[in-house]
There are 2 protein chains.
Amino acid sequence: MSLRHAILGLLARQPSTGYDLTRTFDVSLATTWPASHSQIYPELGKLEGAGLVEVVERGPRGSKTYGLTDAGRDELRRWLVEDEPDRSQRNESGLRLFLTPLLPSQDRRSVLARDLAHVEQQSAILVAIRDQIEEAGRDDPFAAQVDLGIRVNEVISAWLAEQLDRT
Amino acid sequence: MSLRHAILGLLARQPSTGYDLTRTFDVSLATTWPASHSQIYPELGKLEGAGLVEVVERGPRGSKTYGLTDAGRDELRRWLVEDEPDRSQRNESGLRLFLTPLLPSQDRRSVLARDLAHVEQQSAILVAIRDQIEEAGRDDPFAAQVDLGIRVNEVISAWLAEQLDRT
DNA sequence: CGCATCATGTAAGCTGTTACATGATTAT
DNA sequence: ATAATCATGTAACAGCTTACATGATGCG
């Protein structure tokens, strides 16, 4: 049930409407913890019912800005520090990689090449983001995460290239 | 709906019972595409109904060994080569990393240290597997995957150590 | 004989996706 | 005007987890 804590975490950064949260999930968490508005709105309702968040402001178009309550802040900290993380992951690309040895050489090459193109494209996006942050000169904790992404992509990229060479 | 194709892929490697598949998911796919027997048995039933797998042998204790049909082999190849991969992933550790900047320094350090310990432990397991494969001297396509895992873990490990230094 | 392992299934509940539905405000 | 964007919700369905349930076979 990490959606709940993802929302608490985003609200700790700044009070937001469900709409704001939806956008943040899309731009910052899309590759880590995707969530759509149809999940977010009901979850905000449950969190409010549980006393972990509250409406701090009502704006135009019936928008409701939520913020954390003290109980919400406690719960977020408890989860981050005390709960044993769920390390399981589900990643279709890994599954595909696991199965590609079954394919004849030609097919395998085309699958690996497609993956390589995708990883390189992702890298380019991350590098652009890094450069933006650097230019802006802000001390963004997000920069480190972007950097991790770039490094991981580099390793995967190199591995895929090697596999292509050998296939 | 990758479970279906994961099963087809494993059956392409070798005919298996639901029980065999469950073990393979546990040992080889646990970190990529977890699945438990309560999902696997019904899915085998559906795949049989769709004509993609068939019972090739009946053993003691009512065990049924399934193998791919020609249609199953076609579907597996089609999926691997022609279907655009679903690149989405869901990874709680990434979410936690994203949120740790919210924590006071002490808490953040303990969270990072816990992650680092976990990654190093995973690395050790993978290195042991690599050594085993090397000793056995078999030409295992799985070896390359293990190697990828080791390299990715190295990068993450180094990143976590840096973050710890800076926190 | 008793325990571990092999072997297969079902059911309830939770989580997540896709589609449906509606309406207000702002910019062109 | 009208299109884009802001803004919030619900419903149906698919997928996954946890727990329940049962029985056969092999080993010590």
Side-chain angles (χ1 to χ4, degrees), chain A residues 1-8 10-11 15-27 29-50 53-66 79 84-92 95, chain B residues 1-8 10-11 15-27 29-50 53-66 79 84-92 95:
Chain A
M1 221 189 9
S2 303
L3 174 64
R4 155 175 246 124
H5 297 103
I7 292 176
L8 290 178
L10 295 185
L11 292 181
S16 316
T17 64
Y19 189 83
D20 294 333
L21 291 174
T22 304
R23 273 195 283 101
T24 307
F25 271 101
D26 267 3
V27 299
L29 288 172
T31 56
T32 303
W33 202 269
S36 61
H37 79 275
S38 62
Q39 252 189 303
I40 292 166
Y41 287 114
E43 191 63 38
L44 279 171
K46 285 185 217 162
L47 286 166
E48 194 181 15
V53 307
E54 61 189 351
V55 176
V56 294
E57 194 192 321
R58 282 166 188 276
R61 281 173 275 203
S63 76
K64 289 177 282 183
T65 301
Y66 290 89
W79 179 73
E84 193 55 33
D86 175 359
R87 311 273 184 187
S88 70
Q89 30 182 320
R90 206 167 275 285
N91 139 26
E92 197 188 279
L95 172 60
Chain B
M1 219 189 12
S2 303
L3 173 65
R4 154 176 247 121
H5 297 102
I7 292 176
L8 290 177
L10 294 185
L11 292 181
S16 316
T17 66
Y19 190 82
D20 295 334
L21 292 174
T22 304
R23 272 194 284 103
T24 308
F25 271 101
D26 267 3
V27 298
L29 289 172
T31 55
T32 304
W33 203 269
S36 61
H37 78 276
S38 61
Q39 251 189 305
I40 292 167
Y41 288 113
E43 191 63 39
L44 279 170
K46 283 185 219 161
L47 285 167
E48 194 181 14
V53 307
E54 62 189 351
V55 176
V56 294
E57 195 193 321
R58 279 166 191 277
R61 282 175 272 203
S63 78
K64 288 178 282 182
T65 302
Y66 290 89
W79 180 73
E84 194 53 35
D86 175 357
R87 311 275 183 185
S88 70
Q89 30 182 321
R90 207 166 275 285
N91 140 27
E92 198 188 279
L95 171 61

Who passes salt bridge (charged side-chain N to carboxylate O under 4.0 Å, His left out) against Arg90(A), sequence neighbours left out?
none
Between CD1 of Ile7(B) and C1' of dT8(C) the distance, given in whole Å, is 14 Å
Under the rule for side chain to side chain contact (heavy atoms under 4.5 Å, CB included), what residues qualify as partners of Ser36(B), not counting sequence neighbours?
Ser38(B)
In whole Å, I'd like the distance from the CD atom of Gln89(B) to the P atom of dT17(C).
13 Å
Results of salt bridge (charged side-chain N to carboxylate O under 4.0 Å, His left out) for Arg61(A) - residues two or more places apart only:
none
Donor-acceptor pair, distance only, cut-off 3.5 Å: does the side chain of Tyr19(B) make one with the backbone of Lys64(B)?
no
Could you state the CZ-P distance from Arg58(A) to dA24(C), rounded to the nearest angstrom?
17 Å
Nearest whole Å is fine: how far is dA24(C) P from Arg61(A) CZ?
11 Å
Can you measure Ile40(A) atom CD1 to dA7(D) atom P for me and round it to whole angstrom units?
14 Å
Please report, rounded to the nearest Å, how far the P atom of dC6(C) is from the CG atom of Leu21(B).
14 Å
From CG of Asp86(B) over to C1' of dT17(C), roughly how many Å is that when rounded to an integer?
11 Å
Set of residues satisfying salt bridge (charged side-chain N to carboxylate O under 4.0 Å, His left out) with respect to Arg23(A), sequence neighbours excluded
Asp20(A)
Going 5' to 3' through nucleotides 9-19 of chain D and flagging B where a protein heavy-atom sits under 4.0 Å of the base, S where only the sugar-phosphate is that close, and - otherwise, we get BBB---SSBBB
How many Å lie between CD on Glu43(B) and C1' on dT10(C), as a whole number?
16 Å
Tell me whether the side-chain N/O atoms of Tyr19(A) come closer than 4.0 Å to OP1 or OP2 in dC6(D).
yes
Residue list, salt bridge (charged side-chain N to carboxylate O under 4.0 Å, His left out) with Glu92(A), at least two apart or on another chain
Arg96(A)
